[in-house]
A.B. asks: 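Before I ask anything, let me first share the structure, which is written out below as structure tokens.
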Amino acid sequence: MSKLYVGSEVGQLRRVLLNRPERALSHLTPSNCHELLFDDVLAVEEAGNEHDIFASTLRKQDVEVLLLHDLLVETLAVPEAREWLLATQISDFRYGPLFARDFRHYLSEMDNEHLASILLGGLAYSELPFKSASILPKLHRSLDFAIEPLPNHLFTRDTSCWIYGGVSLNPMMMPARQRETNHLRAIYHWHPVFAGQDFIKYFGDEDLHYDNANIEGGDVLVIGKGAVLIGMSERTTAQGVENLAAQLFLHQQAKQVIVVELPKSRSCMHLDTVMTHMDVDTFSMYPEVMRKDLNTWVLTPEGDGQVHIEAAVNLIAAIENALGLSALKIITTGGDSYEAEREQWNDANNVLTVKPGVVIGYERNVYTNEKYDKAGITVLPIPGNELGRGRGGARCMSCPIERDDI
């Protein structure tokens, strides 16, 4: 039985979780896309085709691909899981007790396949065949969503992240994404691949309001050798980082957590949009954002469950120290400053490493890919004309659940 364990960013990738974009994207419109955190409306079929190429590129590299929709269908087949998900996603607080009861009853009669599609892809009030005494439906127009679609579920990296021998079920910053975490909580608890397996749940698995402790997996890099690198972006807070670090140390799964403060801007949504790990000693970096003077701290365990925090000289030195390297190789975004800015926006720095020195990235980022190639990094190109509009590359769209150490 292979182990649920992620020991690095660059060791051989063995198993990964993806989510093929389907129904949720068909609900994106110019008037709602910004609220759903998309900059644009995607061509649904084309995005699906591009995603299929991504999945098959991974399979050709001997990576086992698990698909979120399928896992959810199989999880819903467990009666306890189905009941929990309906109670959680269609809660009395979300809808009021009257409407929630009627809505749950309607959904509970669906088959698992249909129910999974609705939970992931959303449902408008006009599609509801039942009448409810509740005031709520009377306040909504027919095209308003009774269940909002989850188009950002495409980015499986963020919702949960595996760090060494366990997983963080991330409390997401944006309301448009908070329901995603419950799908993963159910899958990791009841799905046969995960149920009864030996792994730790560090954070986010309780029915709590996590308040300001937000963390998203795009900010978390498991750089190996017991070190974790976390960016504090617009979606990951100091409170989230310190809670996660305390749990990693408590379970003795990490020796140190390096934290870097990022500018809070849309183009730099997560750390992995401006920096990824490509080989043991090599990182891609967007120099406009990843400047020398970014505030960096190193967190280490202190006795009796406390966390010791110390300012680092700079990020590069902290990483070299953690990995025992004399010097890091940094490959910056390619082209002149206009091209570099454009390619960073199109996720040139957001590549998924499948084994040391071999990465998957969007073929459209020609200048950066050429630079990677010259530096000895093999790029396996995938099309991203539609997928890229969601502002996420190959790393964003993948959640490794099994990967070797370095």
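Computed over heavy atoms, backbone and side chain alike; hydrogens, waters and symmetry mates excluded.
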A.B. asks: Less than 4.5 Å apart, any side-chain heavy atom of L58 and any of V354?
C.D. replies: yes
A.B. asks: Please name the residue in the list V65, I187, L184, L67 that meets the side chain to side chain contact (heavy atoms under 4.5 Å, CB included) test with L17.
C.D. replies: L184
A.B. asks: Set out, in order, the CA-CA distance, both residues' side-chain angles and the distance that settles side-chain hydrogen bond (donor to acceptor under 3.5 Å, both in side chains) for E386 and H51, then state yes or no.
C.D. replies: CA-CA 10 Å; E386 292 304 320; H51 196 272; over 6 Å; no
A.B. asks: With a 4.0 Å cut-off, would you call R157 and E216 a salt bridge?
C.D. replies: no
A.B. asks: Looking only at side-chain N and O atoms, does H69 offer a donor or acceptor that is under 3.5 Å from a partner on E113?
C.D. replies: yes
A.B. asks: Under a 3.5 Å cutoff, is there a donor and acceptor pairing between the side chains of H270 and E234?
C.D. replies: no
A.B. asks: What's the verdict on side-chain hydrogen bond (donor to acceptor under 3.5 Å, both in side chains) for E343 and T368, showing C-alpha distance, side-chain angles and the deciding distance?
C.D. replies: CA-CA 7 Å; E343 294 203 349; T368 308; 2.5 Å; yes
A.B. asks: Please determine whether a side-chain nitrogen of the Lys or Arg among K329 and E320 lies less than 4.0 Å from a carboxylate oxygen of the Asp or Glu.
C.D. replies: no
A.B. asks: To the nearest 0.5 Å, tell me how far I330 CD1 sits from T332 OG1.
C.D. replies: 9.0 Å
A.B. asks: Can a donor-acceptor pair be found, under 3.5 Å and without considering hydrogens, that links the side chain of Y164 to the backbone of A227?
C.D. replies: yes
A.B. asks: Checking S108 side chain against H105 main chain: does a donor-acceptor pair fall under 3.5 Å?
C.D. replies: yes
A.B. asks: Indicate yes or no: at least one non-hydrogen side-chain atom of S160 is less than 4.5 angstrom from one of V167.
C.D. replies: yes
A.B. asks: Are T273 and N350 linked by a side-chain donor-acceptor pair shorter than 3.5 Å?
C.D. replies: no
A.B. asks: Less than 4.0 angstrom from a charged side-chain N to a carboxylate O is my criterion; do D158 and R177 meet it?
C.D. replies: yes
A.B. asks: State whether the side chain of S91 and the backbone N or O of A87 hold a donor-acceptor pair below 3.5 Å, judged by distance alone.
C.D. replies: no
A.B. asks: Show me the pairs that pass ring pair (Phe, Tyr, Trp, His ring centres under 6.0 Å) and involve residues 206-253, at least two apart or across chains.
C.D. replies: F203-Y210
A.B. asks: Look up atom NE2 in H308 and atom OG1 in T300, then write down how far apart they are to the nearest 0.5 Å.
C.D. replies: 5.0 Å
A.B. asks: Check for a donor-acceptor pair, side chain of N369 on one end and backbone N or O of Y362 on the other, with a separation under 3.5 Å.
C.D. replies: yes
A.B. asks: Which value, rounded to the nearest 0.5 Å, describes the distance between Y5 atom OH and Q197 atom CD?
C.D. replies: 15.5 Å
A.B. asks: Looking only at non-hydrogen atoms, find the nearest pair between F283 and M275 and report the distance.
C.D. replies: CD2-CE, 3.5 Å
A.B. asks: Between T57 and I53, is there a donor-acceptor pair closer than 3.5 Å when you use the side chain of the first and the backbone of the second?
C.D. replies: yes
A.B. asks: What distance do F99 atom CZ and I90 atom CD1 have between them, rounded to the nearest 0.5 Å?
C.D. replies: 8.5 Å
A.B. asks: Please check this pair: side chain of E127 against backbone of A124, looking for a donor-acceptor N/O pair closer than 3.5 Å.
C.D. replies: yes
A.B. asks: S8 side chain to G224 main-chain N or O, any donor-acceptor pair under 3.5 Å?
C.D. replies: no
A.B. asks: So, does N170 use its side chain to make a donor-acceptor pair with the main chain of M172 at under 3.5 Å?
C.D. replies: no
A.B. asks: Is there a donor-acceptor pair closer than 3.5 Å between any side-chain N or O of E50 and the backbone N or O of L387?
C.D. replies: yes
A.B. asks: Are any of the side-chain nitrogens in R15 or D62 under 4.0 Å away from the carboxylate oxygens of its partner?
C.D. replies: no
A.B. asks: Between F145 and H27, is the ring pair (Phe, Tyr, Trp, His ring centres under 6.0 Å) condition met? List the steps.
C.D. replies: CA-CA 9 Å; F145 290 117; H27 277 136; 5.1 Å; yes
A.B. asks: Distance from Y202 atom OH to L244 atom CG, nearest 0.5 Å?
C.D. replies: 8.0 Å
A.B. asks: If we ignore angles and hydrogens, is there a donor and acceptor under 3.5 Å between the side chains of S284 and K371?
C.D. replies: no
A.B. asks: Stepwise, does the side-chain hydrogen bond (donor to acceptor under 3.5 Å, both in side chains) test hold for Y95 with D102?
C.D. replies: CA-CA 10 Å; Y95 294 99; D102 298 337; over 6 Å; no
A.B. asks: Distance alone, cut at 3.5 Å: any donor-acceptor contact between the side chains of N182 and R179?
C.D. replies: no
A.B. asks: To the nearest 0.5 Å, what is the distance between CG on D219 and CE on M173?
C.D. replies: 9.5 Å
A.B. asks: Under the rule for side chain to side chain contact (heavy atoms under 4.5 Å, CB included), what residues qualify as partners of S56, not counting sequence neighbours?
C.D. replies: K60
A.B. asks: Any chance NZ of K138 has more than 12 other-residue heavy atoms, nucleotides or ligands included, within less than 6.0 Å?
C.D. replies: yes
A.B. asks: Got a donor-acceptor contact below 3.5 angstrom from the R364 side chain to the P383 backbone?
C.D. replies: no
A.B. asks: Looking at side-chain heavy atoms only, is the closest gap between I258 and V260 below 4.5 Å?
C.D. replies: no
A.B. asks: Assess, by modelled atom type and distance only, whether the side chains of R82 and N112 contain a donor and an acceptor separated by less than 3.5 Å.
C.D. replies: yes
A.B. asks: Tell me, please, which residues at least two apart from D52 pass salt bridge (charged side-chain N to carboxylate O under 4.0 Å, His left out).
C.D. replies: R20
